[in-house]
Protein chains: 4
Amino acid sequence: MDGTNQQRRRGDTRQRIQDVALELFADQGYEKTSLREIAERLDVTKAALYYHFKTKEEILVSLFEDLTRPIEDLIEWGRQQPHTLATKQEIVRRYSEALAGAAPLFRFMQENQATVRELRIGEVFKERMLRLRDILIDPDAELIDKVRCVSAMFTLHAGMFVLQDVEGDPEDKRKAVLEVATDLVTQAHQGA
Amino acid sequence: MDGTNQQRRRGDTRQRIQDVALELFADQGYEKTSLREIAERLDVTKAALYYHFKTKEEILVSLFEDLTRPIEDLIEWGRQQPHTLATKQEIVRRYSEALAGAAPLFRFMQENQATVRELRIGEVFKERMLRLRDILIDPDAELIDKVRCVSAMFTLHAGMFVLQDVEGDPEDKRKAVLEVATDLVTQAHQGA
Amino acid sequence: MDGTNQQRRRGDTRQRIQDVALELFADQGYEKTSLREIAERLDVTKAALYYHFKTKEEILVSLFEDLTRPIEDLIEWGRQQPHTLATKQEIVRRYSEALAGAAPLFRFMQENQATVRELRIGEVFKERMLRLRDILIDPDAELIDKVRCVSAMFTLHAGMFVLQDVEGDPEDKRKAVLEVATDLVTQAHQGA
Amino acid sequence: MDGTNQQRRRGDTRQRIQDVALELFADQGYEKTSLREIAERLDVTKAALYYHFKTKEEILVSLFEDLTRPIEDLIEWGRQQPHTLATKQEIVRRYSEALAGAAPLFRFMQENQATVRELRIGEVFKERMLRLRDILIDPDAELIDKVRCVSAMFTLHAGMFVLQDVEGDPEDKRKAVLEVATDLVTQAHQGA
DNA sequence: TATGAATGAGTCTTCATTCAT
DNA sequence: GATGAATGAAGACTCATTCAT
């Protein structure tokens, strides 16, 4: 009976560590999640974690890299497009989808900014956000339009989590969030 | 010269603890800030902190209570007004000002959500935000208008910090953020 | 209304400290009772305790001295009597009464022996017990009779506390304990 | 020479912790024995203790469980016997032996009652003593006979430690204590 | 692929005590 | 007859990390 479970666990320990770690990081925060806790949940020893990852931070880095590759790709694609309104709207649309695919990670990033800032992924993430901003808004745009863009990005990032206690279908909510963000970017593009 | 310092330190240690704690909490996060660090900065012993505050969390609670009283008052005021568009705009305007007066604390709340959620102030803050939301938007409004309101609140909370690397006068930035938030609330009020 | 209380508290703080301390020491043990706790119960500051007593241990010493004076006197009296059976029985009877008059302290001594042993009163108490033993039993008596005497003393000391969960009038219990102890001493006196 | 020591230390650290802890607990009391002290004696770090035991209390619990199993068994056996005088005497005899096998622990329990009462083992121990009492004496017996039984138990528990400064062979002393306890139980059984 | 055993640095917190006022 | 403010030492406990096996 346990045989199947044991079998299945062969070879995918690394993946299971990532899964549990992400869940706990997102739930409790990075600092409050200890390697002991992760190990206990998986029924392995702490030392086993160190076979798969060099440090605690490395677990997070691996999650970040694995889960945000689509976003990295999206942004790189965006930089090579003409910065038309259509492109911007397309970017926002695809960004919204990408976020939905890695929701727990982004919830984590959102809720642990102080911690993330000190970590390796903090730098990477920040720089990525700046590249995204530079696609969505011209550096010479009016201040208020910059704010609109930043607001759109924030809405995308945080919208979902904050709406958790609002009733309604998650996909409907995502669409609503997307629409508001698109509006903001559109207004920003057209200037006051 | 030390004489004056010593003199001045008489009786205001509690305040000085709060000041240093807020700075460190906002800078490094709650968990990464140890009481040892706070004490060292003040050149007192850890035990001295415990003379003034019962626990580490109490320091944070005291900061929260001292600094967010105007906001609590504002929200209570708002609940007693008719929920007209004008009221909503007034609330947003005054909220923006109140936030500016406690910027470091709000930066802290924003960047340490995972931590704050487990703390006593997390509950209080969340409940306050819900009250604010209920002033800004009708519970029966369209989903998208709810999102607009939430987006407005987020814009106010996070706008300033995210714009830190954008050049420009802080007060100008605040005005821009306020304008975007006001727009969102206004759109939300008028429905699609 | 508080005036009377305040009035009454004038000048008897020392006594009140002793009362509260004894209660807490007996209830929770010496180490687990902090001066903070005592002070809080009395609604004074810790420093006030130090006005009346030089150290924590001194509070205990004062309790011991105040409450065990009758016992000290009793033992001194006993030493000057002829060591007849009648004397021994009389000693036991009066010891039982003396104990009842300082029950909380003796409960404390009984339940905190490890602690008391390291304290100043430990030595005094032990030496007193040896003097009592030497009254109750001849140094050349059979081993078993010595045990009987020690057992009698223990019965007196611990009997009451252990019988707390037995129903019945406290004074009846004391009488029963006294009778058993007297029996033991009598048997010891008469030898096998 | 250190080689052998090192060798020997492999794998029996848990046991060594228990040994040292029991010695120190019995000697100085529970509260006055710090984990630092235990660790230093063993030449390991405090953290090593926490690898083997979850808390300080757990060390004590493990000692209690390991050392009092025979007593638990004895009492369970006793409950299933008819409560005749012979059974009672047999119980007392075997209890005396069991105590001798765990003398330091019982000395500890005896001398740290206030502390033990607040600990997990306090409950267990108290309940065990009540079961023993219920074997030795009928709940409807005269008060004085109840006292005799309690006195017998106390004599067994405390007798040995108190006789430490009396000269004589330890086994002789144990026998004498046993005899006094047996007498008391016998008298109690036969009623006044 | 893991585990068992351990470490060193650090955490928050509590305590008895002191002393100027 | 007390308080306010502080200290130094110590407490139990947790953590990320290491390494021989």
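All chains are named by letter (A, B, ...) in the order of the sequence lines, taking the proteins before the strands, and each is independently numbered beginning at 1.
- For residues 27-46 of chain C, every residue pair satisfying the ring pair (Phe, Tyr, Trp, His ring centres under 6.0 Å) rule, not counting sequence neighbours, is listed here: Phe25(C)-Tyr30(C).
- Near DNA chain E, meaning a heavy atom under 4.0 Å away, there are no residues from residues 18-26 of chain C.
- Residues from residues 113-124 of chain A with heavy atoms under 4.0 angstrom of DNA chain E: there are none.
- Every residue two or more places apart in sequence or in another chain that forms a side-chain contact (heavy atoms from CB on, under 4.5 Å) with Asp66(B) is listed here: Gln18(B), Arg69(B).
- Over its full length, the helix from dA2(E)-dT21(F) to dT21(E)-dA2(F) turns its helical axis through 20°, comparing axes from the five pairs at each end and rounding to 10°.
- Partners of Tyr50(B) under the side-chain contact (heavy atoms from CB on, under 4.5 Å) rule, at least two apart in sequence or in another chain, are Leu35(B).
- Under the rule for a salt bridge (charged side-chain N to carboxylate O under 4.0 Å, His left out), the partners of Arg128(A) that lie at least two apart in sequence or sit in another chain are Glu72(A).
- Residues forming a side-chain contact (heavy atoms from CB on, under 4.5 Å) with Glu31(B) (at least two apart in sequence, or on another chain): Glu31(A), Lys32(A), Thr115(B).
- For Arg41(C) and Glu37(C), the salt-bridge test fails: no basic side-chain N is under 4.0 Å from an acidic carboxylate O.
- At a threshold of 4.5 Å between non-hydrogen side-chain atoms, the residues Phe125(B) and Thr68(B) do not count as touching.
- To the nearest whole angstrom, the two C1' atoms, one in dT21(F) and one in dT1(E), are 13 Å apart.
- Contacts classified as salt bridge (Lys or Arg N to Asp or Glu O under 4.0 Å) and involving residues 45-62 of chain A (residues at least two apart or in different chains) are given here: Glu58(A)-Arg120(A).
- Closest heavy-atom contact between Ser62(C) and Phe53(C): OG-CE2, 3.4 Å.
- Considering only residues two or more places apart in sequence or on other chains, His157(C) meets the side chain to side chain donor-acceptor pair (under 3.5 Å) condition with Tyr95(C).
- Side-chain contact between Glu23(D) and Ile38(D) is absent, with no heavy atoms from C-beta onward closer than 4.5 Å.
- Summary of the strand contacts: Glu57(A) and Glu57(D) both lie near DNA chain F, and taking for each the nucleotide with the nearest heavy atom, the more 5' one is attributed to Glu57(D).
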Could you encode protein contacts along nucleotides 7-12 of chain F as a string, one character per nucleotide from 5' to 3', using B for base contact, S for sugar-phosphate-only contact and - for no contact, with a heavy-atom cut-off of under 4.0 Å?
BB-BSS

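- Residues satisfying the salt bridge (charged side-chain N to carboxylate O under 4.0 Å, His left out) test with Arg14(D), not counting sequence neighbours, are none.
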